[in-house]
Amino acid sequence: MKISIITATYNSGRTLRDTVESVLRQTYHNIEYIIVDGASTDNTLDIIREYETKFGGRMRWVSKPDHGIYDALNNGIEMSTGDAIGFLHSDDFFTSPDVVGRLARELTENEDVDAVYGDIHYVSDKDLGKCIRYYSSAYFRRRMMLFGFMPAHPSFYCRKEIYESFGNFSLSYKVAADFECLLRFIYVGKINLKYVPLDCVTMRIGGASTSGIVSHKRIFKDHIKAYYENHVPSNGLLDCMRYISKVAEIIWGKIQL
(Lines give C-alpha, C1' and ligand atoms only; values in the text may rest on other atoms or scores of the structure.)
Protein backbone atom coordinates (compact mmCIF):
# COMPACT_ATOMS: atom_id res chain seq x y z
CA MET A 1 0.00 0.00 0.00
CA LYS A 2 1.34 3.41 -0.98
CA ILE A 3 0.82 6.16 1.60
CA SER A 4 0.75 9.79 0.47
CA ILE A 5 1.91 12.22 3.16
CA ILE A 6 1.15 15.87 2.45
CA THR A 7 2.86 18.86 4.05
CA ALA A 8 1.79 22.44 3.36
CA THR A 9 4.49 25.07 3.85
CA TYR A 10 4.79 28.83 3.86
CA ASN A 11 7.93 30.43 5.28
CA SER A 12 8.41 27.28 7.35
CA GLY A 13 12.20 27.25 7.35
CA ARG A 14 12.50 27.40 11.14
CA THR A 15 10.76 24.06 11.75
CA LEU A 16 10.61 22.24 8.42
CA ARG A 17 13.77 20.20 8.92
CA ASP A 18 12.25 18.39 11.90
CA THR A 19 9.16 17.60 9.83
CA VAL A 20 11.00 16.29 6.77
CA GLU A 21 13.56 14.37 8.83
CA SER A 22 10.75 12.54 10.64
CA VAL A 23 9.32 11.43 7.30
CA LEU A 24 12.74 10.36 6.08
CA ARG A 25 13.25 8.26 9.23
CA GLN A 26 10.07 6.23 8.73
CA THR A 27 10.78 2.51 8.47
CA TYR A 28 7.90 2.11 6.02
CA HIS A 29 9.25 3.02 2.60
CA ASN A 30 6.22 2.87 0.30
CA ILE A 31 5.67 6.56 0.97
CA GLU A 32 4.97 9.36 -1.45
CA TYR A 33 5.91 12.65 0.21
CA ILE A 34 4.26 15.75 -1.22
CA ILE A 35 5.15 19.28 -0.17
CA VAL A 36 2.90 22.10 -1.33
CA ASP A 37 4.54 25.47 -0.73
CA GLY A 38 2.71 28.77 -0.90
CA ALA A 39 5.55 30.75 -2.58
CA SER A 40 7.74 31.09 0.52
CA THR A 41 10.24 33.94 0.74
CA ASP A 42 12.51 32.48 3.44
CA ASN A 43 14.77 29.43 3.17
CA THR A 44 11.92 26.91 2.91
CA LEU A 45 12.61 26.09 -0.74
CA ASP A 46 16.32 25.63 -0.03
CA ILE A 47 15.46 23.01 2.59
CA ILE A 48 13.03 21.25 0.25
CA ARG A 49 15.62 21.09 -2.54
CA GLU A 50 18.25 19.85 -0.08
CA TYR A 51 16.10 16.90 1.01
CA GLU A 52 14.57 16.05 -2.35
CA THR A 53 17.46 13.83 -3.43
CA LYS A 54 17.51 12.02 -0.07
CA PHE A 55 14.06 10.60 -0.77
CA GLY A 56 15.22 8.80 -3.90
CA GLY A 57 12.34 9.95 -6.08
CA ARG A 58 9.68 9.56 -3.39
CA MET A 59 9.29 13.32 -2.85
CA ARG A 60 7.38 15.68 -5.10
CA TRP A 61 6.81 19.35 -4.46
CA VAL A 62 5.40 22.51 -5.93
CA SER A 63 5.69 26.18 -4.94
CA LYS A 64 3.05 28.67 -6.01
CA PRO A 65 0.69 31.20 -4.40
CA ASP A 66 -2.40 29.66 -2.84
CA HIS A 67 -5.41 30.62 -0.74
CA GLY A 68 -4.16 29.25 2.57
CA ILE A 69 -3.38 25.93 4.18
CA TYR A 70 -6.55 24.10 3.16
CA ASP A 71 -6.13 25.16 -0.47
CA ALA A 72 -2.57 23.84 -0.29
CA LEU A 73 -3.73 20.54 1.22
CA ASN A 74 -6.35 20.20 -1.50
CA ASN A 75 -3.64 20.71 -4.10
CA GLY A 76 -1.65 17.97 -2.38
CA ILE A 77 -4.63 15.61 -2.49
CA GLU A 78 -4.97 16.23 -6.21
CA MET A 79 -1.26 15.54 -6.70
CA SER A 80 -1.30 12.34 -4.66
CA THR A 81 -1.15 8.87 -6.19
CA GLY A 82 -1.21 6.87 -2.96
CA ASP A 83 -3.84 4.42 -1.78
CA ALA A 84 -4.27 6.42 1.45
CA ILE A 85 -3.59 10.01 2.45
CA GLY A 86 -2.35 11.64 5.64
CA PHE A 87 -1.14 15.12 6.57
CA LEU A 88 1.91 16.29 8.48
CA HIS A 89 2.06 20.02 9.16
CA SER A 90 5.30 21.92 8.71
CA ASP A 91 5.80 22.61 12.43
CA ASP A 92 4.98 19.02 13.50
CA PHE A 93 6.84 15.72 13.23
CA PHE A 94 6.21 12.00 13.60
CA THR A 95 6.68 10.86 17.19
CA SER A 96 8.49 7.64 16.20
CA PRO A 97 9.88 5.96 13.04
CA ASP A 98 7.19 3.25 12.95
CA VAL A 99 4.11 5.49 12.78
CA VAL A 100 3.37 5.26 9.05
CA GLY A 101 4.12 1.54 9.01
CA ARG A 102 1.68 0.85 11.85
CA LEU A 103 -1.11 2.85 10.21
CA ALA A 104 -0.46 1.37 6.76
CA ARG A 105 -0.54 -2.16 8.20
CA GLU A 106 -3.96 -1.57 9.75
CA LEU A 107 -5.37 -0.35 6.43
CA THR A 108 -3.79 -3.24 4.56
CA GLU A 109 -5.01 -5.93 6.94
CA ASN A 110 -8.52 -4.47 7.31
CA GLU A 111 -9.93 -3.93 3.83
CA ASP A 112 -13.33 -2.88 5.20
CA VAL A 113 -11.75 0.01 7.14
CA ASP A 114 -11.84 3.37 5.35
CA ALA A 115 -9.65 5.32 7.76
CA VAL A 116 -7.43 4.81 10.80
CA TYR A 117 -6.45 7.27 13.51
CA GLY A 118 -4.45 7.44 16.72
CA ASP A 119 -3.20 9.93 19.29
CA ILE A 120 -1.02 13.06 19.20
CA HIS A 121 0.63 15.26 21.80
CA TYR A 122 1.53 18.93 22.05
CA VAL A 123 4.86 20.38 23.08
CA SER A 124 6.39 23.78 23.65
CA ASP A 125 8.76 25.05 21.00
CA LYS A 126 11.26 25.66 23.81
CA ASP A 127 11.27 22.02 24.93
CA LEU A 128 10.20 19.45 22.32
CA GLY A 129 10.51 16.66 24.86
CA LYS A 130 8.01 18.13 27.30
CA CYS A 131 4.38 17.11 26.76
CA ILE A 132 1.96 19.96 27.42
CA ARG A 133 -1.21 18.19 26.32
CA TYR A 134 -1.88 14.61 25.25
CA TYR A 135 -4.75 14.28 22.78
CA SER A 136 -6.03 10.71 22.93
CA SER A 137 -8.57 9.55 20.36
CA ALA A 138 -9.18 6.28 22.21
CA TYR A 139 -12.64 7.23 23.44
CA PHE A 140 -13.85 8.84 20.23
CA ARG A 141 -17.20 7.67 18.92
CA ARG A 142 -19.08 8.88 15.85
CA ARG A 143 -21.83 10.62 17.83
CA MET A 144 -19.23 12.66 19.72
CA MET A 145 -18.88 14.92 16.68
CA LEU A 146 -22.17 16.47 17.84
CA PHE A 147 -20.16 17.81 20.79
CA GLY A 148 -17.30 19.16 18.68
CA PHE A 149 -15.00 16.17 19.12
CA MET A 150 -13.09 14.54 16.29
CA PRO A 151 -10.18 12.13 15.94
CA ALA A 152 -6.78 13.82 16.11
CA HIS A 153 -6.57 15.01 12.51
CA PRO A 154 -2.76 14.73 12.12
CA SER A 155 -3.13 11.04 12.97
CA PHE A 156 -6.00 10.48 10.52
CA TYR A 157 -5.06 8.36 7.48
CA CYS A 158 -7.87 7.80 5.01
CA ARG A 159 -8.20 5.90 1.76
CA LYS A 160 -8.03 8.25 -1.23
CA GLU A 161 -11.31 6.95 -2.58
CA ILE A 162 -13.08 8.57 0.39
CA TYR A 163 -11.87 12.00 -0.71
CA GLU A 164 -12.95 11.17 -4.24
CA SER A 165 -16.43 10.22 -2.97
CA PHE A 166 -17.05 12.92 -0.36
CA GLY A 167 -14.84 15.80 -1.50
CA ASN A 168 -11.80 17.65 -0.17
CA PHE A 169 -11.51 20.55 2.31
CA SER A 170 -14.00 23.38 1.91
CA LEU A 171 -12.24 26.73 1.50
CA SER A 172 -15.20 28.58 3.03
CA TYR A 173 -13.93 27.65 6.53
CA LYS A 174 -11.26 29.84 8.12
CA VAL A 175 -9.54 27.49 10.59
CA ALA A 176 -11.71 24.38 11.05
CA ALA A 177 -12.08 22.96 7.55
CA ASP A 178 -10.56 19.78 8.97
CA PHE A 179 -13.49 19.42 11.38
CA GLU A 180 -16.02 20.02 8.62
CA CYS A 181 -14.27 17.49 6.40
CA LEU A 182 -14.27 14.79 9.10
CA LEU A 183 -17.87 15.63 10.01
CA ARG A 184 -18.77 15.01 6.37
CA PHE A 185 -16.78 11.77 6.24
CA ILE A 186 -17.52 10.29 9.67
CA TYR A 187 -20.91 11.53 10.87
CA VAL A 188 -22.69 12.16 7.57
CA GLY A 189 -20.91 9.63 5.35
CA LYS A 190 -20.54 7.03 8.13
CA ILE A 191 -17.21 5.74 6.85
CA ASN A 192 -15.69 2.76 8.67
CA LEU A 193 -13.02 3.73 11.23
CA LYS A 194 -10.43 2.00 13.35
CA TYR A 195 -8.50 3.43 16.29
CA VAL A 196 -4.82 2.55 16.56
CA PRO A 197 -3.35 2.98 20.09
CA LEU A 198 -0.30 4.92 18.97
CA ASP A 199 1.17 8.37 19.65
CA CYS A 200 1.49 9.41 16.01
CA VAL A 201 2.49 13.07 15.87
CA THR A 202 4.25 15.64 18.03
CA MET A 203 2.73 19.10 17.52
CA ARG A 204 4.19 22.42 18.51
CA ILE A 205 1.69 24.74 20.14
CA GLY A 206 0.91 27.96 18.26
CA GLY A 207 -0.43 26.57 14.99
CA ALA A 208 -3.62 27.69 13.24
CA SER A 209 -5.82 25.70 15.63
CA THR A 210 -3.91 26.35 18.89
CA SER A 211 -3.15 30.06 18.78
CA GLY A 212 -5.36 31.63 21.42
CA ILE A 213 -8.82 33.04 22.06
CA VAL A 214 -9.28 34.58 18.61
CA SER A 215 -8.56 31.22 17.00
CA HIS A 216 -11.00 29.41 19.28
CA LYS A 217 -13.75 31.91 18.42
CA ARG A 218 -13.17 31.22 14.74
CA ILE A 219 -13.17 27.48 15.34
CA PHE A 220 -16.48 27.76 17.21
CA LYS A 221 -18.05 29.71 14.32
CA ASP A 222 -16.72 27.18 11.84
CA HIS A 223 -18.18 24.30 13.85
CA ILE A 224 -21.63 25.90 13.95
CA LYS A 225 -21.44 26.54 10.21
CA ALA A 226 -20.37 22.93 9.59
CA TYR A 227 -23.35 21.57 11.54
CA TYR A 228 -25.73 23.81 9.63
CA GLU A 229 -24.36 23.14 6.15
CA ASN A 230 -24.23 19.38 6.71
CA HIS A 231 -27.69 19.24 8.36
CA VAL A 232 -26.24 17.83 11.57
CA PRO A 233 -28.44 18.25 14.68
CA SER A 234 -26.05 20.04 17.01
CA ASN A 235 -25.64 23.56 18.42
CA GLY A 236 -23.26 25.92 20.16
CA LEU A 237 -24.05 24.68 23.66
CA LEU A 238 -23.27 21.06 22.78
CA ASP A 239 -20.14 22.08 20.91
CA CYS A 240 -18.74 23.83 23.98
CA MET A 241 -18.62 20.51 25.82
CA ARG A 242 -15.30 19.68 24.14
CA TYR A 243 -13.53 22.39 26.16
CA ILE A 244 -14.10 20.41 29.35
CA SER A 245 -12.16 17.57 27.78
CA LYS A 246 -9.36 19.91 26.68
CA VAL A 247 -8.90 21.20 30.22
CA ALA A 248 -8.76 17.62 31.51
CA GLU A 249 -6.10 16.73 28.90
CA ILE A 250 -3.94 19.68 29.94
CA ILE A 251 -4.25 18.81 33.65
CA TRP A 252 -3.44 15.16 32.94
CA GLY A 253 -0.42 16.20 30.89
CA LYS A 254 0.93 18.19 33.83
CA ILE A 255 0.33 15.31 36.23
CA GLN A 256 2.33 13.01 33.98
CA LEU A 257 5.40 15.27 33.99
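Please read all numbers here as calculations on a predicted model, not as lab measurements.
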For the atom pair CD1 (I47) and CD (E21), what is the distance rounded to the nearest 0.5 Å?
10.5 Å
Can you find a pair of side-chain heavy atoms, one from D178 and one from F87, that are under 4.5 Å apart?
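When only atoms from C-beta onward are counted, F87 and D178 do not touch, as no gap falls below 4.5 Å.
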Please answer whether the main-chain N or O of F166 pairs with a side-chain N or O of R184 as donor and acceptor at a distance below 3.5 Å.
yes
Between D98 (side chain) and T27 (backbone), is there a donor-acceptor pair under 3.5 Å?
no
How close do [X] and [Y] get, counting heavy atoms only, and between which atoms?
{"X": "D222", "Y": "K174", "answer": "OD2-N, 3.1 Å"}
{"X": "A8", "Y": "L73", "answer": "CB-CD2, 3.9 Å"}
{"X": "S90", "Y": "T19", "answer": "O-OG1, 3.0 Å"}

Applying salt bridge (charged side-chain N to carboxylate O under 4.0 Å, His left out), which residue pairs with at least one partner in residues 38-49 are found, sequence neighbours left out?
D46-R49
Step through it carefully: locate the ring centre of Y195, locate the ring centre of Y117, and say whether they are under 6.0 Å apart.
yes
Would you confirm whether the ring centroid of Y163 sits within less than 6.0 angstrom of the ring centroid of F185?
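Yes, ring centres under 6.0 Å apart.
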NZ or CZ of K225 within 45° of Y227 ring axis and under 6.0 Å:
no
Does any donor atom in the side chain of Y70 or E180 lie under 3.5 Å from an acceptor atom in the other side chain?
no
The criterion is salt bridge (Lys or Arg N to Asp or Glu O under 4.0 Å); which residues satisfy it with E52, sequence neighbours excluded?
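For E52, no residue satisfies salt bridge (Lys or Arg N to Asp or Glu O under 4.0 Å) once neighbours in sequence are set aside.
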Applying ring pair (Phe, Tyr, Trp, His ring centres under 6.0 Å), name anything that partners Y33, two or more places apart in sequence or on another chain.
F55
